[in-house]
A.B. asks: 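Just dropping this structure here.
Letters A, B, ... are given to chains in the order of the sequence lines, protein chains preceding strands, and every chain is numbered from 1.
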There are 2 protein chains.
Amino acid sequence: MDLIDRKYRILQAIIDDYILTALPVGSRTISRKYEQKLSSATIRNEMSDLEELGYLDSPHTSAGRVPSNKAYRLYVDQMLRPMPLSVEETAFINRCFDRRMHQVEDVSMRIAKALSSMTHYTTAVMTRAPRNEQVLSHLQLVPVADRRVLMILVTKSGTVKQSILDLGANVAPDELYTVSRILSQQLEGLRLSELAGELMRLSGKNETGIHAIVRAMAEQTPQQEQSDIVALAVGGRSNLLSFPEYSDVDKAKALLSVLETREKVVSLLSQHGEMEISVRIGPETGLEETKDCSIVTASYRLSDGRVNTIGLIGPTRMQYGKVLSVLGQVGKSLDMMLEDQKD
Amino acid sequence: MDLIDRKYRILQAIIDDYILTALPVGSRTISRKYEQKLSSATIRNEMSDLEELGYLDSPHTSAGRVPSNKAYRLYVDQMLRPMPLSVEETAFINRCFDRRMHQVEDVSMRIAKALSSMTHYTTAVMTRAPRNEQVLSHLQLVPVADRRVLMILVTKSGTVKQSILDLGANVAPDELYTVSRILSQQLEGLRLSELAGELMRLSGKNETGIHAIVRAMAEQTPQQEQSDIVALAVGGRSNLLSFPEYSDVDKAKALLSVLETREKVVSLLSQHGEMEISVRIGPETGLEETKDCSIVTASYRLSDGRVNTIGLIGPTRMQYGKVLSVLGQVGKSLDMMLEDQKD
DNA sequence: GATTAGCACTCAAAAGCGTCGAGTGCTAAC
DNA sequence: GTTAGCACTCGACGCTTTTGAGTGCTAATC
């Protein structure tokens, strides 16, 4: 399994070159560009061995050779040189994760766009709140417009769900507050899935006053167990089309379709140990449609207990060095932000 | 300008056929499939006339002919036969706009996905609140987690903005309510853009108690005029790649890039008279990148004053009949929903 | 006078074909 | 163990030919 030094170097050179050019690489190329002391014939012999060992494939007899998934695996696990980011890149990442992170709106989307514009890969960002913490912490009714009220449910983990209620009549803000406070105390600690039933029970059959409010709330409360996924965004889809491996429209379409299917994106981002960066190559991605792709995911625990998973997807011929550096920096940047908040 | 009946029919046949097949249509095709009484030679003469009148283009001497933008314009304005939807389709649309519409979450996304799966075009959905109504109506602080508080700003038009504040210390819910009420009264009617300054002024230099809260609020309040766009979602991007006009990856990429640029999507959806369905063909779309596309947009005023704009985008060779029927049904469906709410 | 049949002409796309060159594998010499 | 040399493979490229759908024009027909 352990390759002697020269084979190892040659394999690395082949992978590097292929990642760069997407063209099958031949013995002559390696001899000229990477191992000038060796003739192409020697390289040829080594390559032949590497093919036998399962690290290289040949598309056909007289094209060059192409790294196998096994080769990428080795490359990622052992050959990767850390590729330092430029000052601008580091600064750019830091800027993404500054205080604006506080704006609840569409942080995911902004991160996704930023990372895909940096790496030229497609990025998916998912924020999830641990399912067992989907328990009500606080409830609030806020007047929005004529007769209408915004119901806000805050869970222990800090997730916020909102719905608009139509009360059928105007209710004074002060009364809304009273109702909010009473119900908040009464319902705190319940799982969101139990909420609707409990509200229904409280409202009884009485159709007037506070009962009407409670009934309206019950109707708009999610019945089933809510998904623990709070936000999901994909950015930089069009980047895919720049890769020669997707010059075939059908392949591009298949992959784009995956990225439009919520469950599939979630599944791609999910198989992943927490707090770590994981690289999955080809079939390891777990979906038939992405068997020629690699996915690098990174998970970060946020201060409020939610977990953010960022995934970069591209052809197996991926610039792993760059991608890992970027995600590493994202981690550092987030840590810094969390530190700041402790003051 | 008014074409005699036969020319008119022939033109219609050509457009119908081209929309269906995407292939330049020749005289023989028309003679066989649509006007069996006439020989191909006669059709040829008519087509020659139509070309001179600017309704047809010939890609080159011996391909068939292709409708011009002028022809599509005529088609949309005068030739369109209403294409009734199937019962399933109608039901499907109605289901999209039922009570779930109340859930604030990602209605736009759901509509976008539903419509693009129905029509096989790409769909963009935008919800906007009139800018001049971006005025504070109500403000509320809600405890979320340790030391953290969710600040909710509700505008007169019913838009909700939220940010997380870090207060640096725990504050009792009751106190939060008191602060909310006082500030609500004091700040009501201010434009959102003026809010940060006013809060800053109120907090003064005092760093303790209520002042600390107000200061934290000032820091997280949007400084600039907020965009009036509340939500924007795009669905069904991969549908584009099914059209032969995008079998060229570069063209597909260009269009996909447009759909990833927020401002461009907004601009595509914006040039539009309210409460109506508008069809824009080719250059009428207003962007260089979409000069070979058509966009059908429809705007609906929601009960809370917000305006929802739905746009379907595809090649100029678009199934206008189907698309218009679908959007028409969406309008009816929404109206029904609004009626319901009056009860 | 409108319609049609017939024919010459056009042109893109497909098919066929030789050439080129990057690549391999093998063998024999160093 | 390394390399030079050589025969062989095969896709890519460029060229020509063929094919066929389509046009435009003219002369005959209704």
Side-chain angles (χ1 to χ4, degrees), chain A residues 3-11 13-18 20-68 71 244-245 247-249, chain B residues 3-11 13-18 20-68 71 244-245 247-249:
Chain A
L3 307 169
I4 59 160
D5 191 50
R6 194 177 65 180
K7 267 200 181 45
Y8 194 86
R9 275 202 335 270
I10 291 176
L11 180 55
I14 294 172
I15 302 177
D16 280 337
D17 203 75
Y18 187 69
L20 216 63
T21 64
L23 264 28
V25 8
S27 51
R28 188 109 191 296
T29 313
I30 296 300
S31 145
R32 262 185 303 139
K33 288 213 288 185
Y34 300 90
E35 298 282 346
Q36 284 151 358
K37 299 252 168 94
L38 298 178
S39 81
S40 67
T42 311
I43 308 280
R44 227 150 31 231
N45 290 329
E46 297 287 25
M47 284 168 90
S48 175
D49 293 355
L50 285 167
E51 183 167 357
E52 199 146 326
L53 289 168
Y55 290 104
L56 295 179
D57 294 330
S58 6
H60 55 264
T61 19
S62 77
R65 278 163 169 113
V66 160
S68 68
E245 22 279 271
S247 56
D248 175 2
V249 187
Chain B
L3 307 170
I4 61 162
D5 191 51
R6 194 178 63 182
K7 267 200 179 51
Y8 194 88
R9 278 206 330 273
I10 291 177
L11 179 56
I14 294 172
I15 302 177
D16 280 336
D17 202 76
Y18 186 68
L20 216 64
T21 64
L23 263 28
V25 10
S27 50
R28 187 112 190 294
T29 314
I30 296 300
S31 143
R32 262 186 302 139
K33 289 213 288 187
Y34 300 89
E35 298 282 345
Q36 285 152 358
K37 300 252 167 93
L38 298 178
S39 80
S40 66
T42 313
I43 307 280
R44 229 154 25 235
N45 291 329
E46 296 287 26
M47 284 169 88
S48 175
D49 291 354
L50 284 167
E51 182 166 356
E52 198 147 328
L53 288 167
Y55 290 103
L56 295 179
D57 296 330
S58 1
H60 56 264
T61 18
S62 78
R65 278 162 169 112
V66 159
S68 67
E245 20 282 90
S247 56
D248 175 1
V249 187

A.B. asks: C:dA22 phosphate, OP1 or OP2: any side-chain N/O from A:R32 under 4.0 angstrom?
C.D. replies: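 No.
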
A.B. asks: Of all the nucleotides listed (D:dG22, D:dT23, C:dT24), which has the minimum atom distance to the side chain of A:R65?
C.D. replies: C:dT24

A.B. asks: Please tell me if B:T42 has a side-chain N or O lying less than 4.0 Å from either OP1 or OP2 of C:dT3.
C.D. replies: no

A.B. asks: Given C:dT24, is OP1 or OP2 found less than 4.0 Å from the side-chain N or O atoms of A:R28?
C.D. replies: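 A:R28 to C:dT24 OP1/OP2: no side-chain N or O under 4.0 Å.
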
A.B. asks: Please write out the pairs of protein N or O atoms and N or O atoms of nucleotides 10-14 of chain C separated by less than 3.5 Å, giving the distance to one decimal.
C.D. replies:
from: C:dT10; atom 1: O3'; to: B:T61; atom 2: OG1; distance (Å): 3.3
from: C:dT10; atom 1: O2; to: B:S62; atom 2: OG; distance (Å): 2.8
from: C:dC11; atom 1: OP1; to: B:T61; atom 2: OG1; distance (Å): 3.4
from: C:dC11; atom 1: O5'; to: B:T61; atom 2: OG1; distance (Å): 3.4
from: C:dC11; atom 1: O4'; to: B:S62; atom 2: OG; distance (Å): 3.3
from: C:dC11; atom 1: O2; to: B:S62; atom 2: OG; distance (Å): 3.3

A.B. asks: Under 4.0 Å between a side-chain N or O of B:R44 and OP1 or OP2 of C:dG6?
C.D. replies: no

A.B. asks: Can B:D57 and B:R65 be counted as an ion pair, charged N to O under 4.0 angstrom?
C.D. replies: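 Salt bridge flag = no for B:R65 with B:D57.
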
A.B. asks: If you fit an axis to the five pairs at each end of the helix from C:dG1-D:dC30 to C:dC30-D:dG1, how big is the angle between those two axes, to 10 degrees?
C.D. replies: 20°

A.B. asks: Taking only the side-chain nitrogens and oxygens of B:S48, find out if one of them lies under 4.0 Å from OP1 or OP2 of D:dT23.
C.D. replies: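 No, B:S48 has no side-chain N/O under 4.0 Å of OP1/OP2 on D:dT23.
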
A.B. asks: Any salt bridge linking B:K7 with B:D49? Criterion: basic side-chain nitrogen under 4.0 Å from a carboxylate oxygen.
C.D. replies: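 Yes.
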
A.B. asks: Name the closest nucleotide to the B:M47 side chain, picking from C:dT4, C:dT24, D:dT23.
C.D. replies: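 Nearest nucleotide to the side chain: D:dT23.
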
A.B. asks: Just verifying a value: how many Å separate A:L11 CG and A:I30 CD1, rounded to the nearest 0.5 Å?
C.D. replies: 9.5 Å

A.B. asks: To the nearest angstrom, how far is B:Q36 atom CD from C:dT3 atom C1'?
C.D. replies: 17 Å

A.B. asks: When you check the phosphate oxygens OP1 and OP2 of C:dT24, does a side-chain N or O of A:S40 lie under 4.0 Å from one of them?
C.D. replies: no

